[in-house]
Amino acid sequence: MDFALDEMQTMIKDSVARWAEKEYDFETRRKLAVGNGFSEEHWRTFAEMGWLGAGLSEEDGGLGGGAEESAILAEEFGKVLLLEPYLPVAVLATQCLLGTGHAGARELVQAIAAGETRVVLAHEEVKAMGVLSHVSTSAGSDGSINGVKTLVIGAPFASKLIVSARTSGEARDQSGIALYLVAIDAPGVERKDYRLADGTRASEISFRGAKGELIAADGFAALDRGYAHALVNLAAEGVGAMERAMWITRDYIKTRKQFGRTLNEFQVLQHRMADMLTELEMTRSALYRALGQLDTDPAKRRLNLAALKVQLGKSARFVGAQAIQLHGGIGVTEEYSIGHYFKRLTFIDSVYGSGAQHLKILAKAIQAGN
Amino acid sequence: MDFALDEMQTMIKDSVARWAEKEYDFETRRKLAVGNGFSEEHWRTFAEMGWLGAGLSEEDGGLGGGAEESAILAEEFGKVLLLEPYLPVAVLATQCLLGTGHAGARELVQAIAAGETRVVLAHEEVKAMGVLSHVSTSAGSDGSINGVKTLVIGAPFASKLIVSARTSGEARDQSGIALYLVAIDAPGVERKDYRLADGTRASEISFRGAKGELIAADGFAALDRGYAHALVNLAAEGVGAMERAMWITRDYIKTRKQFGRTLNEFQVLQHRMADMLTELEMTRSALYRALGQLDTDPAKRRLNLAALKVQLGKSARFVGAQAIQLHGGIGVTEEYSIGHYFKRLTFIDSVYGSGAQHLKILAKAIQAGN
Amino acid sequence: MKLQIDPKYDAFREEVRAWLKEALPADMAARTLQCYHTTIEDRRAWSKILAAKGWAGPAWPKQYGGPGWDEWQVMIFEEECYLAGTPMVDEAGFKLCAPVIWTFGTDEQKQRWLPPLLAGDQYWGQGFSEPNAGSDLASLSTRAVRDGDEYVINGTKIWTTDVHYADLIFCLVKTDPEAKQRGISFVIVDAKAPGVTIRPIIDIGEGHSLNEVFLDNVRIPADWLIGEENKGWGYGKLLLDNERAYSAEIPRNKRTLARLKKLAHETGMIEDEGFALRVAEAEADLSALEFMTLRAMAEKAGGTNFPVGSILKIRGSELLQKLGGLQVEALGPYGAVVYPHGATNDMPPGPAIGHGVLADFMYRRAVTIYGGSNEIQRTIIAKSYLEL
Amino acid sequence: MKLQIDPKYDAFREEVRAWLKEALPADMAARTLQCYHTTIEDRRAWSKILAAKGWAGPAWPKQYGGPGWDEWQVMIFEEECYLAGTPMVDEAGFKLCAPVIWTFGTDEQKQRWLPPLLAGDQYWGQGFSEPNAGSDLASLSTRAVRDGDEYVINGTKIWTTDVHYADLIFCLVKTDPEAKQRGISFVIVDAKAPGVTIRPIIDIGEGHSLNEVFLDNVRIPADWLIGEENKGWGYGKLLLDNERAYSAEIPRNKRTLARLKKLAHETGMIEDEGFALRVAEAEADLSALEFMTLRAMAEKAGGTNFPVGSILKIRGSELLQKLGGLQVEALGPYGAVVYPHGATNDMPPGPAIGHGVLADFMYRRAVTIYGGSNEIQRTIIAKSYLEL
């Protein structure tokens with residue numbers, strides 16, 4: 001085993017870090033967050049630098065990397081709380097598309113990697129409760145889609161949607177889920193955009209007889225692949241955000257005085273920070289584990305990812321909350337950075353199936369004898 | 001409201017404390033614990049002092065007190081980790097007997113209070129998992145009992161058993177549970193005695209066609225009453241044990257040196273002890289609440305008691321574990337007192353339905369709209 | 001021992017509840033129960049309703065216009081108000097400043113300030129914390145210097161809740177910079193006076209209740225100092241001690257738990273056993289805390305060093321944060337959605353009852369920090385009672 | 001990056017597993033899996049079996065009789081041993097003392113001690129801790145004074161595991177009482193020498209593995225001091241650093257989790273969803289910790305100040321305690337029953353697989369204390385890496 005970055009990985013990491021330092025300081029980001037939450041210029045840079053294809057083979061229009069390269073990128077993005085939908089577009093939708101094996105998918109992936117188009121996956125439904133196979137949106141035999149998708153992150157900036165819709169079976173069956181490519185402005189597609197706590201944008205989207213192009217008749221495996229990649233990248237983002245939040249907090253308590261001493265002299269706060277580092281490193285370990293086994297069989301992968309999400313959620317909540325606590329009052333203000341890390345970290349626990357929901361997946365497996 | 005002890009209560013508390021200090025120091029108790037776990041002499045004292053009837057009206061052979069007086073006594077007993085089965089005999093069995101309303105019950109209760117006989121309740125079964133109404137032991141129409149009861153605390157020192165046995169219905173129905181009085185040496189009663197971690201003694205008892213005297217045809221309410229009183233007294237014991245463990249630990253860390261300082265100078269240990277006190281007082285509060293509402297309707301009482309047991313279990317485990325941790329190595333030795341507090345406190349979480357099982361009772365009520 | 005609340009209070013609770021049902025406008029209650037920060041309009045309107053009923057100062061002595069309730073009645077009143085969804089009133093003025101005025105103020109001061117406060121005509125803000133003091137109030141640096149019939153005040157106050165609505169601000173200031181705690185005085189400042197600048201602090205819930213207040217050569221009449229010069233620390237402390245039984249914010253916790261349950265039933269999350277177990281744990285916590293509050297009320301006069309205020313503060317604030325997190329979780333995919341403060345239409349999708357949940361969850365990160373952080377409370381417990 | 005263990009190790013794992021299946025007596029495995037302290041008989045018998053196979057010193061260099069495995073093989077071997085239920089071997093001798101001897105000892109010392117250790121003919125005990133030192137090893141007070149060709153040793157060692165079975169004890173002693181850490185030397189003591197008194201310490205699980213050792217004018221030959229005088233602290237530390245990747249006790253945690261699951265299925269407790277969720281949480285913890293151990297192994301040569309040993313120690317020990325508690329809980333009404341050590345018949349009722357659970361649960365309260373308490377580990381993390 002080898003946990004050191006190779007040359008290409010180091011290059012990716014350094015280039016993102018350099019860009020972020022120059023273009024994505026806290027104030028710039030904050031303006032963007034209360035603005036429209038997206039910069040076309042940033043996205044162009046992502047495309048030009050090859051970052052949108054960091055996790056793709058060269059024939060798919062990428063840099064020839066894989067999940068590890070993408071995760072390295074995501075970790076750096078996590079450090080600056082990136083607002084643009086790298087993860088929804090360049091990971092979730094992209095990997096889902098590749099998972100369909102559809103003839104036109106590769107072309108679309110190449111276009112995404114080149115920054116020419118943005119596609120997001122419209123799959124989440126209100127009643128899903130973390131069950132990936134939950135689809136009550138239906139598709140008729142004529143391919144017309146009816147139903148409501150929620151929390152479609154990045155949709156306000158997308159031109160196309162991948163929509164999961166049921167062609168047969170019960171709401172939580174794994175079979176009978178078809179995937180369609182639907183233009184964002186197609187007739188019968190109604191979008192309600194909103195802002196999320198971490199400054200990113202999402203939409204609730206109603207489909208009323210909307211028509212799309214069928215790209216997978218039985219799409220669960222593709223969804224599963226998309227979410228598997230999304231989860232490891234989310235964890236990488238989380239690791240980046242936790243690490244930065246930890247160091248910001250460390251630096252703060254080394255200067256802030258109370259009762260005539262700097263806060264770092266208080267043993268309780270020293271230990272609290274030791275626990276923050278510990279939580280961060282537990283997640284990093286779980287992340288490496290899941291990354292290394294991303295190509296194992298789906299059942300095993302699901303358990304690995306569940307364990308990762310459980311750890312990620314727990315760590316993110318703890319690190320986020322303690323980062324604020326150790327800052328005191330200033331941590332609760334919108335104008336200071338640390339609260340924004342808290343927001344992102346809280347959201348990280350809840351998205352793509354919460355930590356609690358993933359814990360249930362593990363528990364059920366144990367009950368079944370795993 | 002008034003949380004101060006009245007004259008009689010103060011008298012009970014002081015007299016038990018005086019007795020314990022004189023007769024129940026740690027070494028004496030330790031010898032008793034590895035001996036037979038019971039002293040007839042102590043029991044005689046309990047009877048003479050009226051303690052076995054502390055929670056009983058005068059007509060029931062008691063001191064004219066109630067649940068509060070019994071709890072005050074239990075708290076003091078908890079401080080010295082009493083081995084003798086005060087709680088199983090003078091509370092659980094006694095209150096269950098009173099709950100039957102059976103003609104002979106009062107007489108028996110008087111005999112118990114006078115120290116003339118000891119009765120324990122044989123109700124727990126392996127598959128009960130904290131469900132009070134679980135009874136798979138059966139009673140035939142001729143009153144012959146078949147089944148196995150487990151963890152019958154105090155049975156090795158009892159002359160009579162109250163046995164719950166099902167006359168109709170399914171294993172967890174509340175109706176169809178009859179109560180019988182069975183002599184400990186009756187034919188068909190086979191006892192296997194053992195020692196528990198806290199030095200107390202219990203038995204697993206098999207009934208093979210044993211015959212008993214029917215004292216309640218529908219005995220669930222009596223069981224419920226017995227366990228309600230047992231739980232508050234258990235909590236009182238726990239409060240006593242936690243309080244003593246806390247002060248022992250406090251005194252220890254004020255003298256023990258490490259790295260040139262006494263342990264109490266370390267902020268982390270100061271805060272740990274603050275948390276120990278907090279947990280203790282949370283349980284004391286929950287105890288007072290449950291005590292004050294012991295005579296409310298059974299459904300409401302059950303929720304109060306469930307909340308109490310949840311808090312008690314959590315507190316007991318935390319205080320016990322931290323008391324050892326703050327002692328370091330010596331805390332893990334049999335010859336030092338603190339480990340024995342840990343044992344008792346661990347057992348307190350598990351007995352009469354564990355904290356986790358009681359939490360489930362609360363959760364189900366919330367799901368049902370409470 | 002008497003471990004039950006006297007049943008005579010049941011009738012009082014019924015009376016309060018019935019009155020609230022009638023007097024509290026439904027739209028006002030709905031807004032409060034969404035749990036955004038209370039708007040000034042709701043606050044003003046509700047204050048007037050309370051004043052008209054004579055219940056504006058529930059804990060005030062009768063002679064100053066209070067209803068003459070005992071502390072159990074005050075507690076019941078507050079609990080019912082919270083559950084019904086009454087807007088927050090001017091807590092700083094009613095609970096903190098007024099008692100200082102009636103206990104230590106002159107008759108003239110009482111006359112000047114108590115009636116308009118009670119009538120809902122004047123609003124108060126509190127200025128204790130400072131940017132470099134945090135939980136360490138003894139190191140205040142705002143100065144008040146006597147100059148003839150006036151004091152001249154210079155300094156900065158921070159975390160001053162709702163001071164942007166305030167007519168008057170009561171502050172702790174240094175009058176003797178050499179002494180530490182003993183050099184502090186309790187003064188009233190006109191919020192509109194020259195030299196007072198208020199800078200809003202937007203919290204991470206995107207709400208505005210906190211402010212920074214800059215005092216630049218602000219002049220107050222000398223008799224706007226309450227009680228004796230240099231004794232303000234003791235006044236503040238005494239009153240905070242009186243309040244210690246309420247540190248767990250039981251009424252707010254109860255309301256939050258009630259809404260959590262409602263929400264979780266509405267979204268179906270309550271059917272998740274793991275989730276229900278965590279709600280149950282919070283409920284068990286609350287029930288113990290509630291009784292600890294009753295113990296603290298009953299033992300108030302006892303004068304022990306038992307640190308019940310610190311325990312209540314720690315556990316009450318932690319519980320509030322836990323309940324907030326559970327609410328966010330109960331919202332499922334709507335948990336991270338930003339519902340703008342004060343907006344009434346064109347809201348993002350999601351159950352209306354949950355619109356203020358996220359903002360509140362964010363804002364309440366402060367509860368384990370303010371009023372002496374939970375770390376400081378633990379030190380108090382360890383030092384004062386455990387003598388460590 | 002290469003985030004998978006090389007598949008070539010799969011074959012090795014199979015080989016080990018197949019051998020264990022054949023070589024490990026079933027009754028011995030059953031006793032171990034009950035998780036009482038290992039008996040000396042099982043320990044001796046198993047040591048001989050290992051020695052005959054040439055696998056007694058898995059991590060030993062080939063030149064000293066080791067099998068020549070790399071560290072991944074060592075880890076796999078240990079994991080399989082734990083899962084199969086092999087008795088504990090002489091860990092102090094094999095893992096701690098032997099490396100000091102082969103790294104710093106003379107050829108004569110190596111000849112004297114390594115072969116009999118490897119052959120299972122001599123047992124070792126470890127004497128680091130002292131009654132007044134606890135986690136603060138720098139303040140040792142056991143003295144060794146040179147007297148001609150000998151050292152004379154006086155002092156008390158405590159928490160010396162299994163020293164009542166030992167032929168030899170290796171100790172850290174003060175040779176220069178003025179210097180602090182630098183005045184410490186690493187010496188070997190004959191456990192049967194005059195002046196050595198061993199007092200058993202019974203742990204709260206009622207087991208006997210710990211002892212107190214009194215050294216009263218005990219004489220050792222001068223060449224029973226390993227390496228240089230006054231350098232023993234560095235030797236000890238170096239070896240503990242080498243071991244840091246294993247601080248989470250993954251093999252033991254894995255075995256414990258496996259038994260927990262088996263037990264919970266046997267008693268039916270696993271059907272309780274709340275219980276299953278807690279087991280799942282422990283499993284998630286373990287899987288992260290396992291990978292952190294792999295990171296630590298791979299990064300061993302890196303020489304950073306990243307405190308992975310402390311993190312692994314903290315979380316591994318907490319996990320072991322958590323799993324112990326869950327096992328007790330899984331036993332239901334049998335969780336508090338005392339099953340005497342070493343008894344074989346007339347046991348109290350309850351599943352046989354759970355007989356050692358309570359004793360182990362009790363004894364393992366020590367894991368968050370020994371080897372530098374978890375509090376000390378947190379301070380190390382804070383100071384060394386976070387520079388607080």
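Proteins come first, then strands; the chains are lettered A, B, ... in the order of their sequence lines, and each starts at number 1.
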- Does any heavy atom of chain D fall under 4.5 Å from the side chain of A:N304, the backbone, both, or neither of them? neither

- Query: Considering only heavy atoms, which portion of A:E265 lies under 4.5 Å from any heavy atom of chain D: side chain, backbone, both, or neither?
  - Reply: neither

- Quick check: are there more than 12 heavy atoms from other residues, nucleotides or ligands sitting under 6.0 Å from NZ of A:K254? yes

- Query: Taking atom CG of A:D297 as the centre, does the number of heavy atoms from other residues, nucleotides or ligands within less than 6.0 Å exceed 12?
  - Reply: yes

- Message: Heavy-atom cut-off 4.5 Å, strictly under: side chain, backbone, both or neither for D:D272 against chain A?
- Response: backbone

- Item | Residue of the set A:E243, A:M242, A:M246 for which side-chain contact (heavy atoms from CB on, under 4.5 Å) holds with A:L277 | A:M246

- Would A:R244 count as a cation-pi partner of A:Y341, with NZ or CZ less than 6.0 Å from the six-membered ring centre and within 45° of the ring normal? no

- Against chain A, work out which of D:V279, D:D285, D:V308 has the most heavy-atom pairs shorter than 4.5 Å and name it. D:D285

- Message: Only pairs of heavy atoms separated by less than 4.5 Å count here; which of A:L291, A:D275, A:V310, A:L303 has the most with chain D?
- Response: A:D275

- Message: Just by distance, no angles: are the side chains of D:T256 and D:Y82 close enough, under 3.5 Å, to form a donor-acceptor pair?
- Response: no

- Side chain, backbone, both or neither: which part of A:Q270 has a non-hydrogen atom closer than 4.5 Å to chain D? both

- Message: Which atoms of A:I253 are under 4.5 Å from chain D, going by heavy atoms: the side chain, the backbone, both sets, or neither?
- Response: side chain

- Message: Report which part of D:Q4 has an atom under 4.5 Å of a heavy atom belonging to chain A: side chain, backbone, both, or neither.
- Response: both

- Between A:Q293, A:K314, A:R272, A:H358, which shows the greatest number of heavy-atom pairs under 4.5 Å with chain D? A:K314

- Donor + acceptor pair across side chains of A:Q367, D:E271 (<3.5 Å): no

- chain D contacts, top residue of A:K364, A:Q9, A:Q267 (heavy-atom pairs, under 4.5 Å): A:Q9

- Note on the structure: Most contact-rich option vs chain A, by heavy-atom pairs under 4.5 angstrom, among D:A264, D:S287, D:A276, D:A382, is D:S287

- Query: So does A:E76 pair up with A:K79, basic N to acidic O under 4.0 Å?
  - Reply: yes

- What part of A:K360 gets closer than 4.5 Å to chain D, counting heavy atoms only: side chain, backbone, both or neither? both

- With A:S285, which of D:R315, D:E290, D:R295 fulfils side-chain hydrogen bond (donor to acceptor under 3.5 Å, both in side chains)? D:R295

- Query: Does a donor on one side chain sit under 3.5 Å from an acceptor on the other, for D:S384 and D:N305?
  - Reply: no

- Flag the one option from D:I270, D:D6, D:I380 with the top tally of heavy-atom pairs under 4.5 Å to chain A. D:I270

- Does a side-chain N-to-carboxylate-O contact under 4.0 Å join A:E281 and A:R284? yes

- Against chain A, label D:K383 side chain, backbone, both or neither, depending on which of its atoms sit under 4.5 Å from a heavy atom there. side chain

- Message: Need one label for D:Q377: side chain, backbone, both or neither, based on atoms under 4.5 Å from any heavy atom in chain A.
- Response: neither

- Query: D:F275 versus chain A, heavy atoms under 4.5 Å apart: side chain, backbone, both or neither?
  - Reply: neither

